[in-house]
Visitor: 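Before I ask anything, here is the structure I am working with.
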Amino acid sequence: MIRKLLVANRGEIAVRVMRSARALGIRTIAIYSDADRDALHVEIADEAVHIGPSPAHESYLNIEKVIAAAREHGADAVHPGYGFLSENPKFSNAVKLAGLIFVGPPAEAMGLLGDKIASRELALKYNVPVTPGALLPHASVEQACEESQKIGFPVLIKAAAGGGGKGMRVVRKLEDIEQSLEAARREAKSAFGDDAVYLEKYIDNPRHIEFQVFCDQHGNVVHLGERECSIQRRHQKIIEESPSIALSPELRKEMGDAAIRIVKAAGYRNAGTVEFLLDGEKFYFLEVNARLQVEHPVTEMVTGEDLVAWQLAVAAGEKLPKAQDEIQFRGHAIECRVYAEDPTSGFLPSTGTILKLDEPHAPGVRIDSGIREGFEVPIFYDPILSKVICWADNREHAIRRMRDALKHYVLLGVRTPLGYMQDVLAHPEFAKGNISTHFLAQHFSDWSEKQPTGEALAALLSVAHEFCRVAHKNVEANGTTKPSSPWTSLGDWRMAGAGS
Amino acid sequence: MIRKLLVANRGEIAVRVMRSARALGIRTIAIYSDADRDALHVEIADEAVHIGPSPAHESYLNIEKVIAAAREHGADAVHPGYGFLSENPKFSNAVKLAGLIFVGPPAEAMGLLGDKIASRELALKYNVPVTPGALLPHASVEQACEESQKIGFPVLIKAAAGGGGKGMRVVRKLEDIEQSLEAARREAKSAFGDDAVYLEKYIDNPRHIEFQVFCDQHGNVVHLGERECSIQRRHQKIIEESPSIALSPELRKEMGDAAIRIVKAAGYRNAGTVEFLLDGEKFYFLEVNARLQVEHPVTEMVTGEDLVAWQLAVAAGEKLPKAQDEIQFRGHAIECRVYAEDPTSGFLPSTGTILKLDEPHAPGVRIDSGIREGFEVPIFYDPILSKVICWADNREHAIRRMRDALKHYVLLGVRTPLGYMQDVLAHPEFAKGNISTHFLAQHFSDWSEKQPTGEALAALLSVAHEFCRVAHKNVEANGTTKPSSPWTSLGDWRMAGAGS
Amino acid sequence: MKRHFLYGENLHSVTFQRRSPSDVEIIVGEDKTLFSVSQNCQRINLASLDKRFRAVMARSKDKIYVWLDGRVHELVEIEETNNVASLHSNPDDIRAPMPGIIIKLNVKQGDTVNKDQIVAVLEAMKMEHNLRAPRAGVVGAVDVKISQTVSADALLVHLEKA
Amino acid sequence: MKRHFLYGENLHSVTFQRRSPSDVEIIVGEDKTLFSVSQNCQRINLASLDKRFRAVMARSKDKIYVWLDGRVHELVEIEETNNVASLHSNPDDIRAPMPGIIIKLNVKQGDTVNKDQIVAVLEAMKMEHNLRAPRAGVVGAVDVKISQTVSADALLVHLEKA
């Protein structure tokens with residue numbers, strides 16, 4: 001039994017993990033950096049520990065500090081969330097050495113599967129197809145050029161240690177290899193602390209299909225169905241759904257079985273995701289993500305299961321809550337990620353203060369949010385602000401529900417893809433399910449918010465005009481309309497690293 | 001197929017109905033009174049029609065105006081919500097006569113079941129036990145006194161036409177009959193447009209158990225399980241849950257069968273609720289509510305069904321989406337009603353402007369809300385502001401999740417039972433499920449918010465002190481800290497009855 | 001600076017001093033507490049050595065609303081402590097306990113009423129509330145009419161001094 | 001009174017008049033529109049004869065953010081229309097397209113650069129962004145250092161006049 005859980009993360013995933021833990025009667029400890037003193041995850045937690053300055057390597061990525069916080073505050077378990085230290089075997093080991101439960105896979109399985117090269121070899125051994133191409137870790141520029149020519153362009157350079165599009169580069173010409181390799185290495189190093197990369201054949205227009213798997217320490221392994229994550233920009237998922245319109249029941253079974261074979265072979269435990277590329281009816285193993293995924297809520301909504309509760313149960317040594325044939329799938333779920341980024345300028349990060357926030361409530365709509373009004377979005381971490389997840393009895397209804405939810409999601413002060421995603425969901429090819437990982441590049445590369453005309457433009461300018469007129473009289477010293485004028489003028493009070 | 005739906009209601013239920021309709025691809029029309037010009041349900045709707053002044057009988061209760069709005073705006077169906085005209089057979093008929101679909105039962109069944117007297121006779125005929133006591137419609141004071149003495153005190157005076165505690169009085173002494181009868185009649189008249197009342201024996205410490213039923217026009221009838229609504233103040237539900245801890249599978253089947261017998265006999269159609277009092281293992285038929293109930297979301301959360309979608313399907317002539325054995329029940333759901341009222345002064349209504357609103361998002365938490373920041377709560381209508389519904393795999397976890405949700409539900413400016421309900425949920429007898437309709441009267445009659453002491457009091461006073469210091473300089477002319485100072489000083493703009 | 005707050009039945013006199021940009025000291029009666037403070041719009045976080053407090057605040061006229069870790073508190077600032085007495089209700093007044101509409105008015109000026117006699121009925125949000133005479137006496141002034149909308153605490157009927 | 005707003009590439013000059021407490025007339029170029037208006041905190045509802053518009057607004061420094069029926073628009077108020085030119089970017093400047101940290105700086109004052117040569121790399125939220133020379137030229141001034149945090153639109157490198 002876990003009684004006190006330290007969540008070694010921030011933002012929406014830390015909030016989400018703590019909500020489930022608290023429902024189960026588990027006390028929660030938050031950690032936070034300077035930039036996150038007033039963050040939502042700090043407020044939700046029963047206790048909160050300041051662990052350092054804003055840059056991640058001085059706080060959320062610092063294993064010693066995280067372990068020390070867990071010990072000093074009497075945690076008996078640590079949940080790593082996603083990103084940061086979640087797929088770092090050293091961290092998993094350090095937690096265990098400190099006598100605490102790590103809510104995730106054992107270091108060995110994590111090491112094996114986290115290494116894309118080893119995991120591809122494992123897949124081949126267990127008769128799971130992999131993308132055509134050669135593997136090449138820690139390549140020199142010369143080796144990379146040589147191997148790329150063998151595989152044939154385009155090739156993909158990826159971080160061996162991570163996922164999420166970080167450290168990933170498509171290379172279409174030999175002369176671009178050097179620079180892309182260097183950039184991929186730097187990003188991989190910064191994101192995962194490991195600059196190992198590898199090369200593979202780049203498949204055009206595949207679908208990204210992944211299976212949620214779960215293993216306990218008693219030898220039980222199940223999958224909780226697939227998620228289609230083909231809607232990506234910058235090789236990073238932005239809209240996910242479950243089930244996938246592309247899978248027949250037979251193909252689903254075949255891929256689900258393959259997913260289970262791999263994690264079983266790896267001696268895996270807890271929640272994991274087996275990613276595939278799907279090219280028509282052919283699928284290729286991509287990698288295993290040895291953590292809870294950002295997009296896990298779509299699986300939760302179609303199965304009705306709480307994956308964090310499953311994680312905590314399995315980590316505590318319990319059996320999987322359900323057997324494969326007890327897991328039921330109902331309706332359709334979609335997730336839209338609300339990133340702090342600007343879809344009109346290549347999805348560059350956007351920061352600032354959230355001047356106004358109104359996250360709509362509606363039946364069938366779940367919002368996993370890590371922000372609130374007045375929060376200053378830091379430049380140091382992942383740009384995910386929140387996730388909107390909609391469930392309905394079928395895909396068409398789920399799409400409509402999502403369009404409504406995005407429409408009424410009011411967030412001012414930081415640029416987000418809320419308008420962009422509304423247009424993606426409204427695209428006729430999306431409605432038909434004719435999607436691939438290049439869908440956005442094909443249909444939305446030159447997207448911009450349509451400027452209103454006629455009465456709508458007049459309405460927009462009326463608001464701006466009148467707002468200015470009054471604002472000139474009343475706006476505060478810093479020029480910002482914060483919800484409470486009285487307090488704003490106090491200046492920027494800051495809490496001195498206070499604990500518990 | 002319904003293509004355009006007028007929702008003849010306001011507040012959270014109008015919002016909730018429109019959300020589901022829009023997901024189904026149905027256009028929505030809102031109606032609104034003067035007091036609701038800026039209400040949330042008006043904003044959510046595709047079109048909005050102003051139908052009159054604030055008092056309900058000049059707007060939401062005016063059948064002609066509602067029908068005219070539906071016709072002029074091309075609605076092909078009308079959803080009545082709950083309260084207002086929802087159980088008025090004249091309205092159901094008028095909608096039909098206008099050539100529109102009424103999303104509810106036919107007038108005849110509504111008339112039969114809406115009349116508590118006729119429905120009790122029906123129950124007896126179909127072998128469903130009713131509360132001991134005599135029926136007495138439109139009684140004179142003398143008759144009421146006579147009948148009360150026959151039944152034996154305490155007796156209950158209830159509105160024949162309605163529910164929800166309105167027009168309801170417990171009378172324990174003969175000399176109180178006259179005044180209670182008069183008050184009950186007046187309230188019944190004002191709430192339902194009908195002052196008929198009746199008397200029945202008042203059972204001490206019963207549980208309130210109700211079954212959600214559904215009938216289509218093809219002869220199919222199912223129930224979707226029970227809801228326990230024993231937690232009541234002023235004879236009105238405030239916390240509901242499903243399933244009930246008090247029902248064995250056998251009793252559940254027996255009561256569910258009884259519920260189905262009654263609505264089948266009445267020629268019922270669409271959503272209905274059959275209410276029972278449960279006294280140990282003995283149950284008594286109370287009444288049928290011929291509408292969607294306030295507390296329907298707990299059923300939605302344990303069954304995974306959208307009851308509004310069911311209503312619209314059935315109203316359009318479709319078969320019930322599921323047969324009895326296809327309906328599945330999972331986990332436990334609880335609903336807490338956020339009323340505009342003061343639990344420290346006998347739950348008297350509280351109105352005012354919602355100065356700050358932050359409704360928390362969390363997995364397993366649904367909030368059906370009809371309000372938003374800045375909204376002025378009108379004195380003319382039902383005091384329900386919103387409902388918090390929590391689901392979890394079991395009752396214990398659902399209670400914890402609810403306590404967290406209520407704790408983080410920030411609503412300032414209007415008094416609500418948010419703190420009160422946190423204490424109710426934390427009570428050990430509630431945790432054990434030892435509840436009855438008198439639970440609140442027994443355990444919480446002298447409840448008040450505990451005043452903080454020590455450091456917490458110092459913190460509270462720090463906030464107040466510093467707030468005042470700055471507020472004195474900056475607070476606006478009307479003395480209110482509204483979220484946006486610039487606009488507030490414009491004074492109170494009002495939208496002149498603009499349509500569509 | 002000292003301020004005075006009426007909080008429930010209690011009057012608190014409070015002194016507040018900024019010790020540093022992030023630290024404040026508050027003195028309530030004899031008790032001193034040091035908090036580090038950070039604020040963000042209407043939200044404020046306070047931390048003493050071993051406890052954290054999270055608050056949200058709003059104000060409407062004389063009322064200060066504070067959400068503190070899940071519970072809402074209402075305070076009223078009192079300019080002068082000797083004004084407190086005047087805030088307590090006058091037993092000769094019958095006031096509206098809630099905002100609403102006067103749907104029944106049983107008395108007029110000069111009427112004699114018994115203790116607990118219903119003098120008026122107020123309705124709000126479909127709920128009726130009987131207003132009773134707090135003591136026997138003679139009606140001095142009736143400040144409302146039937147169908148009138150009144151706000152909470154409005155003076156409805158005044159009884160002449162006993 | 002007339003005000004000027006830069007909205008995307010367009011400059012709009014707007015005259016706004018209160019016609020009644022609830023009605024306003026707005027003139028944009030030649031077009032006049034009459035709206036009835038109601039507002040509630042940062043929310044404002046406008047209605048013309050046949051359409052309703054719902055807006056939410058906020059402001060930070062010179063930027064005005066307006067949510068209008070599901071879409072967010074950013075406008076900048078311009079005091080004088082002849083200032084607009086100065087708002088457009090100078091082709092001799094290399095500016096930060098996003099807030100971030102300078103993680104690589106390839107040039108120093110006096111260096112010769114080719115068109116599209118990478119002069120610096122900026123990182124924010126784990127994403128790298130290459131900053132390239134807009135034309136061939138000589139580096140005039142470098143206003144940043146490695147590891148420095150910069151805000152969006154900050155001037156990083158200046159090229160000497162061609």
Side-chain angles (χ1 to χ4, degrees), chain B residues 83 166 179 183 186-187 190-191 234 340-342 345-353 355-356 358 378-383 406-408 410-413 415-416 418-419 422 448-452 454-469 471 475 478-481 483, chain C residues 1 3 5 7-8 10 12 14-16 24 26-28 31-33 35 37 39 41-42 44 46 48 50-51 53 55-75 77 97-101 103-104 118 121 123-130 149 151-152:
Chain B
K166 279 160 207 144
Q179 185 210 314
R186 232 180 4 246
E187 284 182 32
S190 142
R234 294 202 276 109
E341 65 182 23
D342 182 359
S345 67
F347 300 95
L348 285 187
S350 168
T351 59
T353 301
L355 302 172
K356 180 70 194 171
D358 192 351
I379 62 165
F380 305 99
Y381 318 115
D382 230 75
L406 298 180
K407 179 179 171 185
H408 289 104
V410 178
L411 194 165
L412 297 182
R415 289 181 183 167
T416 70
L418 281 162
Q422 287 179 60
S448 68
E449 193 68 79
K450 225 163 77 184
Q451 290 201 4
E455 284 191 350
L457 177 63
L460 174 63
L461 293 168
S462 294
V463 171
H465 188 289
E466 192 59 359
F467 192 46
C468 280
R469 186 179 71 81
V475 132
N478 66 358
T480 301
T481 52
Chain C
M1 184 194 162
R3 290 191 184 278
F5 297 101
Y7 173 44
N10 302 318
H12 297 284
V14 179
T15 311
F16 187 87
V24 296
I26 181 134
I27 307 167
V28 182
D31 298 332
K32 288 186 187 185
T33 315
F35 289 115
V37 179
Q39 66 88 15
C41 307
Q42 282 163 282
I44 178 165
L46 299 100
S48 67
D50 55 354
K51 273 191 186 149
F53 300 97
V56 183
M57 60 232 152
R59 182 180 189 167
S60 180
K61 289 172 193 137
D62 57 338
K63 258 189 199 145
I64 299 160
Y65 299 87
V66 180
W67 175 97
L68 185 73
D69 290 313
R71 302 305 176 114
V72 176
H73 307 278
E74 291 182 21
L75 299 91
E77 191 191 4
M98 62 184 189
I101 300 164
I103 58 164
K104 217 167 171 184
I118 297 171
V121 180
E123 188 193 280
M125 292 173 167
K126 303 285 161 221
M127 187 186 175
E128 289 192 6
H129 190 78
N130 294 327
T149 301
S151 54

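Small disclaimer: the values here were computed from a predicted structure and weren't measured. Just so we're on the same page: letters track the sequence lines, and every chain starts at 1.
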Visitor: Measuring from atom CG of B:Leu406 to atom CZ of C:Arg71, what distance do you get when rounded to the nearest 0.5 angstrom?
Guide: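 One finds 9.0 Å between CG of B:Leu406 and CZ of C:Arg71.
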Visitor: Give me the atom names and distance for the closest heavy-atom approach of B:Val463 to C:Ile44.
Guide: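 Shortest heavy-atom contact: CG2-CG2, 3.7 Å.
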Visitor: Testing the basics here: between B:Leu412 and C:Ala58, what is the closest heavy-atom pair and its distance to 0.1 Å?
Guide: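 That closest heavy-atom pairing would be CD1-N, 3.7 Å.
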Visitor: Minimum heavy-atom separation for B:Ala458 to C:Val28, with atom names?
Guide: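 Nearest heavy atoms, B:Ala458 then C:Val28: CA-CG2, 4.4 Å.
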Visitor: Taking all heavy atoms of B:Pro349 and all of C:Pro99, pick out the closest pair and write down the distance.
Guide: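 That would be O-CD, 4.0 Å.
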Visitor: Using a 4.5 angstrom heavy-atom cutoff, name the option from B:Ser350, B:Gly419, B:Gly413 with the most pairs to chain C.
Guide: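 Top option by heavy-atom pairs under 4.5 Å: B:Gly413.
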Visitor: Quick one, B:Pro452 and C:Phe53 - any side-chain contact, counting heavy atoms below 4.5 Å?
Guide: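 They are not in contact (no side-chain heavy atoms under 4.5 Å apart), so the answer is no.
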Visitor: Side chains of C:Trp67 and B:Asp358: does their closest heavy-atom pair fall under 4.5 Å?
Guide: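 The answer is no; the side chains never approach within 4.5 Å.
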Visitor: Are a donor atom and an acceptor atom from the side chains of C:Ser48 and B:Glu455 found within less than 3.5 Å of each other?
Guide: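 Short answer, yes.
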Visitor: Taking side chain as everything from C-beta outward and backbone as N, CA, C, O, which of these in C:Lys63 sits under 4.5 Å from a heavy atom of chain B? Side chain, backbone, both or neither.
Guide: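 Just its side chain gets close to chain B.
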Visitor: Looking at B:Arg186 and C:Glu123, is there a salt bridge between them, counting it only when a charged N and a carboxylate O are closer than 4.0 Å?
Guide: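 Here C:Glu123 does not pair with B:Arg186 in a salt bridge, since their nearest N and O are not under 4.0 Å apart.
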Visitor: I'd like to verify something: which residue of B:Leu418, B:Asp342, B:Leu348, B:Thr416 has the highest number of heavy-atom pairs under 4.5 Å with chain C?
Guide: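 Counting heavy-atom pairs under 4.5 Å, the top option is B:Leu348.
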Visitor: Select, from C:Leu68, C:Leu75, C:Val56, the one with the greatest count of heavy-atom pairs under 4.5 Å involving chain B.
Guide: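 Highest number of heavy-atom pairs under 4.5 Å: C:Val56.
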Visitor: Name the member of B:Glu341, B:Lys407, B:Gln179 that forms the most heavy-atom pairs with chain C at distances under 4.5 Å.
Guide: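 Most heavy-atom pairs under 4.5 Å with chain C: B:Lys407.
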Visitor: Identify the heavy atoms of C:His73 and B:Lys450 that sit nearest to each other, and give their distance.
Guide: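 Heavy atoms of C:His73 and B:Lys450 come nearest at CE1-O, 4.0 Å.
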Visitor: Select one option (side chain, backbone, both, neither) describing which atoms of C:Ile103 are under 4.5 Å from chain B's heavy atoms.
Guide: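 Interface part for C:Ile103: side chain.
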Visitor: Would you check if C:Met125 and B:Thr351 make a side-chain contact, meaning some heavy-atom pair closer than 4.5 Å?
Guide: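 Side-chain contact under 4.5 Å: yes.
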Visitor: Please state whether the side chain, the backbone, both or neither of C:Ala55 comes within less than 4.5 Å of a heavy atom of chain B.
Guide: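 C:Ala55 touches chain B through side-chain heavy atoms alone.
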Visitor: Between B:Leu457 and chain C, which part of the residue has a heavy atom less than 4.5 Å away: side chain, backbone, both or neither?
Guide: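 For B:Leu457, side-chain heavy atoms alone lie under 4.5 Å from chain C.
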Visitor: Describe, in one word, how the ring planes of B:His465 and C:Phe16 are oriented to each other, choosing from parallel (under 30°), tilted (30 to 60°) and perpendicular (over 60°).
Guide: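 Geometry flag for C:Phe16 against B:His465: parallel rings.
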Visitor: With heavy-atom distances below 4.5 Å as the criterion, would you say the side chains of B:Ser462 and C:Leu46 are in contact?
Guide: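 B:Ser462 vs C:Leu46: side chains touch.
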Visitor: So which part of C:Thr149 gets closer than 4.5 Å to some heavy atom of chain B, the side chain, the backbone, both or neither?
Guide: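 Only the side chain of C:Thr149 comes within 4.5 Å of chain B.
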Visitor: For the pair C:Lys126 and B:Glu187, find out whether any cationic side-chain nitrogen is under 4.0 Å from an anionic carboxylate oxygen.
Guide: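 No, no charged N to carboxylate O under 4.0 Å.
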Visitor: Do you know which two heavy atoms are closest between C:Gly8 and B:Gln451, and how far apart they sit?
Guide: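 C:Gly8 and B:Gln451 have their closest heavy atoms at CA-NE2, 3.7 Å.
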Visitor: Side chains of B:Phe380 and C:Ile101: closer than 4.5 Å at any heavy-atom pair?
Guide: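 With C-beta onward as the side chain, the pair touches.
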Visitor: Working to the nearest 0.5 angstrom, can you tell me the gap between C:Ile27 CD1 and B:Leu461 CG?
Guide: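 Here the interatomic distance stands at 12.5 Å.
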